[in-house]
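First up is the structure itself, then whatever we jot down about it.
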Amino acid sequence: MRVLLFGAEGKVGSVLRPQLEAAGHELTGVEVGETPELAGHDAAVDFTAPDAVLANVRGALGAGVPCVVGTTGLTDEGLVELDGLARQKGIPCFVAPNFALGAVLMMRFAEEAARHLPRAEIIELHHESKIDAPSGTAKATAARMGGDVPIHSVRLPGLVAHQEVILGDVGQTMTIRHDSVDRESFMPGVLLAIRRVGSLERSPVIGLEHLL
Ligand code: NAP
């Protein structure tokens, strides 16, 4: 496949680049200020920043290129705009706040546990240069647990992407924890989304669980 990668020099992009090439994809890396020919690509992937992603995806969908969005911090209004654009153009778009399989399982287990244990709080911990807080994963987890779950954000050097969901009831607590200790953890999910995005029947699809 011919793949556009927005944010090719970033922390995720630089791990993804060699993986895409090893999987046999032909790659066009895009960094800030570059304006490559978009049309003719089979998929576009965005790992940039909350203030950059919408313009990139707007451009790619406008050029008829299906999009895989990993960038977090998209507002609800931004998602509504993507939804409208994808429908209007008839070009699919896939969005995942977390491409790590373990994080998908953590969210599923937290949703299940919240049905039985009434109180919970989320602690999400990320590297110090993460721009958005709370993380997209924490917001998605809270939504799946019923919405009213306090979220605490930690930003420190040495961290990659981690989350604890602590549930409490009289005389007991239960903790569900996921750690991405390396950005390699996101790669299988991103490669799967690139292969599948062109054939999605509705759009945008949000969450890796819908592709598993
Ligand atoms: P990063 O290291 O800051 O990389 C972002 C890259 O995008 C940088 O090279 C940046 O260039 C570039 N960029 C900024 N604006 C751009 C534009 N308009 N067009 C093209 N490139 C642009 O960040 P990261 O750690 O790789 O993370 C990127 C995003 O992915 C964040 O939103 C993060 O939260 C998210 N993320 C999601 C997942 C997931 O599983 N969904 C996993 C990890 C991270 P400059 O440095 O020159 O600005």
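All heavy atoms count here, side chains included; hydrogens, waters and symmetry mates do not. Everything numeric here is computed off the predicted structure, so don't read it as measured data.
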- [ ] Find the distance between CG (Asp46) and CG (Leu5) and round it off to the nearest 0.5 Å.
- [x] 8.5 Å

Task: Heavy-atom side-chain contact between Ser180 and His178 under 4.5 Å - done: yes

TODO: Would you mind listing every side chain to side chain donor-acceptor pair (under 3.5 Å) that reaches into residues 13-26, with sequence neighbours excluded?
DONE: Gln19-Glu184

Open item on the list: Assigning hydrophobic clusters by single linkage (Ile, Leu, Val, Met, Phe, Trp, Tyr; side-chain heavy-atom cutoff under 4.5 Å), is Ile122 placed with Met106?
Closed with: yes

TODO: Spell out, as yes or no, whether a donor-acceptor pair under 3.5 Å connects the side chain of Thr141 to the backbone of Met107.
DONE: no

- [ ] First locate atom CD of Gln163, then atom CG of Asp179, and finally report the distance between them rounded to the nearest 0.5 Å.
- [x] 10.5 Å

Which donor-acceptor pairs under 3.5 Å do side chains of residues 192-200 form with protein atoms, sequence neighbours excluded?
{"from": "Arg196", "atom 1": "NH1", "to": "Leu211", "atom 2": "O", "distance (Å)": "3.0"}
{"from": "Ser199", "atom 1": "OG", "to": "Arg196", "atom 2": "O", "distance (Å)": "3.1"}

Open item on the list: Please find the pair of heavy atoms, one from Ala49 and one from Ile131, that lie closest to each other, and give the distance.
Closed with: CB-CD1, 4.2 Å

Task: Separation of Thr173 OG1 from Arg119 CZ (nearest 0.5 Å) - done: 12.5 Å

Open item on the list: Tell me if a side-chain donor or acceptor on Thr71 pairs with a main-chain N or O of Pro50 at a distance below 3.5 Å.
Closed with: no

- [ ] Applying side-chain contact (heavy atoms from CB on, under 4.5 Å) between Glu124 and each of Val154, Ile151, Val165, report the one that passes.
- [x] Ile151

TODO: Determine whether Asp42 and Pro66 make a side-chain contact, defined as any pair of heavy atoms from C-beta on separated by less than 4.5 Å.
DONE: no

- [ ] Can you see which heavy atom on Val65 is nearest to which on Leu38, and at what distance?
- [x] CG2-O, 3.4 Å

TODO: With the side chain counted from C-beta on, respond yes when Leu4 and Val45 share a heavy-atom pair under 4.5 Å apart, and no when they do not.
DONE: no

Task: Side chains of Asp83 and Gln88 in contact at under 4.5 Å (non-hydrogen atoms) - done: no

Open item on the list: Just so I know, are the side chains of His126 and Leu159 near enough to count as touching, which here means a heavy-atom distance under 4.5 Å?
Closed with: no

- [ ] State the CZ-CG distance between Phe186 and Leu16, to the nearest 0.5 angstrom.
- [x] 11.5 Å

Task: Minimal non-hydrogen separation, Pro36 against Thr28, with atom names - done: CB-CG2, 4.2 Å

Open item on the list: Using every non-hydrogen atom in the two residues, find where Pro97 and Thr137 come nearest and quote the distance to one decimal.
Closed with: O-OG1, 3.4 Å

Open item on the list: For Lys130 and Thr72, which I'm curious about, is there any donor-acceptor pair between the side chains at under 3.5 Å?
Closed with: yes

Task: Asp182/Val160 under side-chain contact (heavy atoms from CB on, under 4.5 Å): CA gap, chis, key distance, verdict - done: CA-CA 7 Å; Asp182 192 300; Val160 179; over 6 Å; no

TODO: Supply the atom-to-atom distance Leu191 CG to Leu20 CG, rounded to the nearest 0.5 angstrom.
DONE: 6.0 Å

Task: Verify same cluster id: Leu85, Val95 (apolar side-chain graph, 4.5 Å) - done: yes

Open item on the list: Test of understanding: clusters of I, L, V, M, F, W, Y form through side-chain heavy atoms closer than 4.5 Å, transitively. Do Val181 and Ile123 belong to the same one?
Closed with: no

Open item on the list: Closer than 4.0 angstrom, basic N to acidic O: yes or no for Glu128 and Arg155?
Closed with: no

Open item on the list: Taking the side chain as everything from C-beta on, heavy atoms only, tell me whether Leu156 gets closer than 4.5 Å to His127.
Closed with: no

Open item on the list: Hydrogens and angles aside, do Ser129 and Lys11 bring a side-chain donor and acceptor to less than 3.5 Å of each other?
Closed with: yes

Task: From CZ (Phe109) to CZ (Arg144), nearest 0.5 Å - done: 10.5 Å

Task: Worked verdict on Met174 versus His116 for side-chain contact (heavy atoms from CB on, under 4.5 Å) - done: CA-CA 11 Å; Met174 186 176 83; His116 307 283; over 6 Å; no

TODO: Grab the two heavy atoms, one from Ala120 and one from Val149, that are nearest each other, plus how far apart they are.
DONE: O-CG1, 3.5 Å

Task: Note, Asp169 side chain near Pro118 side chain (heavy atom, < 4.5 Å) - done: yes

TODO: Report the C-alpha distance between Arg177 and His162 in whole Å, list the side-chain angles of each, state the deciding distance to 0.1 Å, and finish with yes or no for side-chain contact (heavy atoms from CB on, under 4.5 Å).
DONE: CA-CA 7 Å; Arg177 181 171 175 121; His162 318 257; 3.8 Å; yes

- [ ] Mind running side-chain contact (heavy atoms from CB on, under 4.5 Å) on Ile176 and Ile166 for me, showing each step along the way?
- [x] CA-CA 7 Å; Ile176 304 167; Ile166 307 172; over 6 Å; no

Task: Arg58 atom CZ: more than 12 heavy-atom contacts under 6.0 Å - done: yes

Task: Which atom of Ala60 lies closest to which atom of Phe6, heavy atoms considered - done: CB-CE1, 4.5 Å

- [ ] Side-chain contact test, heavy atoms from C-beta onward, threshold under 4.5 Å: evaluate it for Leu74 versus Leu54 and give yes or no.
- [x] yes

Open item on the list: Is it the case that the side chain of Glu31 and the backbone of Ala8 share a donor-acceptor pair, with hydrogens and angles ignored and the cut-off at 3.5 Å?
Closed with: yes

Task: Single-linkage hydrophobic cluster Met187~Val68, side-chain heavy atoms < 4.5 angstrom - done: yes

Open item on the list: Applying a strict under-4.5 Å side-chain criterion to I, L, V, M, F, W and Y, I'd like to know whether Leu125 and Leu167 cluster together.
Closed with: no

